[in-house]
Amino acid sequence: METKLAVPIAARNIDQASEQIKSARAAGADILELRTDYLENLNVDLVKTLIAGINNAGDKKLPIIVTCRDKQQGGAIDYPQKLRVDVLAAALKAGAEFIDFEYDNFLSIEGQEKIRLALSQSSKGRLILSAHNFETKFDNIGKLYRNILNVCPVAIPKLIYVANHINDCFDAFDLLHQTSAERIIFCMGAGGLISRILAKKLDCFVTFASIDELNATAPGQLTIKDLKELYRYDYIDTETRLYGVIADPVGHSLSPAIHNACFGDKQMNKLYLPLLVEGGRQEFDSFIHQALLRKWLNFRGFSVTIPHKQNALSYVRASRGYVEPLAQKIGAANTLFVGPDGKLEAYNTDYAGALDAIMAGVKITKTKLNGLPVAVVGAGGVSRAIVAGLSDAGAKIRIYNRTVEKAEKLAAEFDCEFAPLGDLKSVDAKLLINCTSIGMHPNIEATPVPKESLKRGMAVFDTVYNPAQTLLLKEAGNKKAKTIDGISMFVNQAMAQFKLFTNTNGNPDLMRKVVCDSLSDK
Ligand code: NAP
C-alpha cells in the first residue's frame, strides 16, 4: 500500500473550489479532500455538482474524500448534523470514493443508520471514521483505534491529535507500527510536523498537505511543495534512513534543505527532518532515547544546535558512547551519529568548519595562526568552538562579550584575554570574528563593531549567515578589509556532518547554492 497525498479543498464556493482543484492537481495530489464544511450555503446539489466537475475533468481521475466536519471537530461552518449526513450520503451516490465522518457522531443512531444505508448502496464508497483531539494526546490511542473498528470493522480509522511536544508523536508512530490495515494516524501542531512526513515511511493510508500556507486546514500542515521538494516525499519508503537537526527554534534552519538536496544529488534513500525539541536536558534525553529505542524508525544521525549542544554531549557521555576529544574539549557536540552497534558517537564539526573558512578566506595555513592577534566577539557556543580551535593553533585571542563574566570564564579556560563589548572601539587585531547573533535577520541594521575600528589589513569573519552580507562585512569591505561570510563556515560544518552521516563527501557547491537560494527567498 502506497501512502496517498491528500490535498484539502477548503473553498467557499464552486469557483474557488475549481481553482483549488486545478492547483492541487498541478502540484501532484493523489486524492482530493472536499472540505464541504467550508462551503457557504451548503446543500446536497452543490456537493453533487462539485463531484461531477472533478469526475468529468478530462485528465487523470483523482479519488475524492468528502468531509463535512462539525465545529467541535475542526469544522469551518457549523452546519446541522442532518445536513452534514445528507451531504455525505449524497456524495457516495455521486461517486465519491470516501466519506469521512466523525466517530463520536457516528455513535448517534440516526447518523449511523443513514451512513450505513448509503454505504450499502454504493459499489465502491468507503467510510473513514475519524477522531480528533485539538488539545493534546489521546488518553489511550490503541483503545480508541480498537473501539472504532469494533463499531465498524470495514471503516478506515483516522486518529489525529495535537502533539504539544515532538515526544508526543511516538504514540502515533507506535500505533502505525503495530497495525497494518488501512489507517490514518498523525499529529497536528508544530510538534507533530514530522509525523506528517513520516506517514509515508510508516505506511499510513494518507497524509495531508495544503496547496499553500494560506489554504492549510489544520495546524502544522505542510505545503505540498515543501513535502515534495524539501522532504523528497516521492522517494520515502519503509526503508528510508532518518537524520535531522535537533533545535529550538528549528523553522529557520537551512540544514534540512542542504542535507536533503545532497541526499537527492547522490540518490540516497535518506531523509533529513527538522526536529523541534522544546525544553531542556530532560526533553532532549527523552527524544533521543525514544527515537533510538524504536529501531524500525531507523534514525542514523542528528545535527544538534541551540539550545541542545551541551545536552547532546552529556547524553553520549552518560550512555557511554564515543566522544570525539575535540567535542569533549569544547564541551559541546553538534553532531551525533548512530554507530553500527547502535551506540551514539558525538562530534563537533563547528570547530573545523570555522577554522577551514578562516584559512581559506585569509589564505593562510594553520601554522600562520600561531601568534596572530584575534578579536573574538561573543562567548556562546560558536565562540567556544572557534576559541578552542584558534587557541589550539596558538592564536593570541581576546574575547569581547556583553556579559563580561562569560567572556572571563571562557578566557580562563583557554588562557586568553577578555574585555567588555565597549572596548571594541579600540580593537587592535589582525583577525576579528563575530560570534554573536548581532546583525542577524531581521535585525540587519545592527553591527557589534563600530565602523571606525575596522581597518585595511584586517580580516573580518562574521559567523552570521543570514544575511550573508551583514552590516559588519559591508563596513569592513568599505575599509578594504578582507571579509569572510558565515555561509562558508555553515557549508564546511555541514560537509563534515554529511561525511559522518554517509561516509561520502557532499557537494559543497550545491550546499552553497541551496543556502543562497533559501536566503534570497526570504
Ligand atoms: P549562543 O550560545 O546563544 O551565544 C550568543 C552570543 O551572542 C553570546 O555571546 C551573547 O552574549 C551574544 N549576544 C546575543 N545577543 C546579543 C545582543 N543583543 N547584544 C550583545 N551580544 C549579544 O549562540 P551561538 O550558538 O554561539 O550562536 C551565535 C551566532 O553564531 C548565531 O546567532 C549564528 O548567527 C551564528 N552561527 C553560525 C553558524 C555557521 O555555521 N555560520 C553556525 C551556528 C551559529 P551574552 O553572553 O551577553 O548573552
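Order of appearance sets the numbers: ligands from 1, and atoms from 1 within every ligand.
- Protein heavy atom closest to atom 32 (O) of ligand 1, with residue, atom name and distance, is Ser437 CB, 3.0 Å.
- A cation-pi arrangement is present between Lys200 and Tyr233, with the terminal nitrogen or guanidinium carbon under 6.0 Å from the aromatic centre and inside a 45° cone about the axis.
- Under 4.0 Å from ligand 1, the heavy atoms of Ile438 that appear belong solely to its side chain.
- The shortest heavy-atom contact between Leu5 and Ala209 is CD1-CB, 4.0 Å.
- Counting all heavy atoms, side chain and backbone alike, Ala247 lies closest to Thr305 at CB-CG2, 3.4 Å.
- Applying the 4.0 Å criterion to heavy atoms of Met440 picks out, from ligand 1, the atoms 32 (O), 34 (O).
- Arg402 CZ, 3.8 Å is the protein heavy atom nearest to atom 22 (C) of ligand 1.
- Using a 4.5 Å heavy-atom cutoff, the side chains of Asp356 and Met359 are in contact.
- Minimum heavy-atom separation, Ile246 to His308: CG2-CD2, 3.9 Å.
- Here the protein heavy atom with the shortest distance to atom 40 (O) of ligand 1 is Phe490 CA, 3.1 Å.
- The contact set between ligand 1 and Lys406, taken as ligand atoms under 4.0 Å from a residue heavy atom, comprises 45 (P), 46 (O), 48 (O).
- Heavy-atom contacts of Gly378 reach the following atoms of ligand 1: 9 (O) (cutoff under 4.0 Å).
- Among protein heavy atoms, atom 3 (O) of ligand 1 sits closest to Ile306 CD1, 4.3 Å.
- Without hydrogens or angle criteria, Lys482 side chain to Gly457 main chain gives no donor-acceptor distance under 3.5 Å.
- Here Lys396 contributes atom NZ and Lys430 contributes atom NZ; the two are 12.0 Å apart, rounded to the nearest 0.5 Å.
- Contacts of Asn401 with ligand 1, taken as heavy-atom pairs under 4.0 Å, involve the side chain alone.
- What sits closest to atom 2 (O) of ligand 1 on the protein, heavy atoms only, is Gly381 N, 2.9 Å.
- Under a cutoff of 6.0 Å and an axis angle of 45°, Arg232 and Tyr235 form a cation-pi pair.
- Residue Tyr465 approaches ligand 1 through these ligand atoms, each under 4.0 Å from one of its heavy atoms: 39 (C), 41 (N).
- Of all the heavy atoms of Cys435, the ones lying under 4.0 Å from any atom of ligand 1 belong exclusively to the backbone.
- Remark: aromatic rings of Tyr161 and Phe134 are distant, center separation not under 6.0 Å.
- Atom 43 (C) of ligand 1 has its closest protein heavy atom at Val382 CG2, 3.5 Å.
- Against a heavy-atom cut-off of under 4.0 Å, Met489 is close to the following atoms of ligand 1: 39 (C), 40 (O), 41 (N).
- Listed by number with element, the atoms of ligand 1 under 4.0 angstrom from any heavy atom of Ala379 are 9 (O).
- When hydrogens are left out, the protein atom nearest atom 4 (O) of ligand 1 is Gly380 CA, 3.4 Å; that is the closest non-hydrogen contact.
- Here atom 38 (C) of ligand 1 lies nearest to Thr463 when heavy atoms of Leu421, Thr403, Thr463 are compared.
- Glu229 places no side-chain N or O within donor-acceptor distance of the main-chain N or O of Asp226, the cut-off being under 3.5 Å.
- Annotation: Phe287 is not in aromatic contact with His165 [ring centroid separation under 6.0 Å not met].
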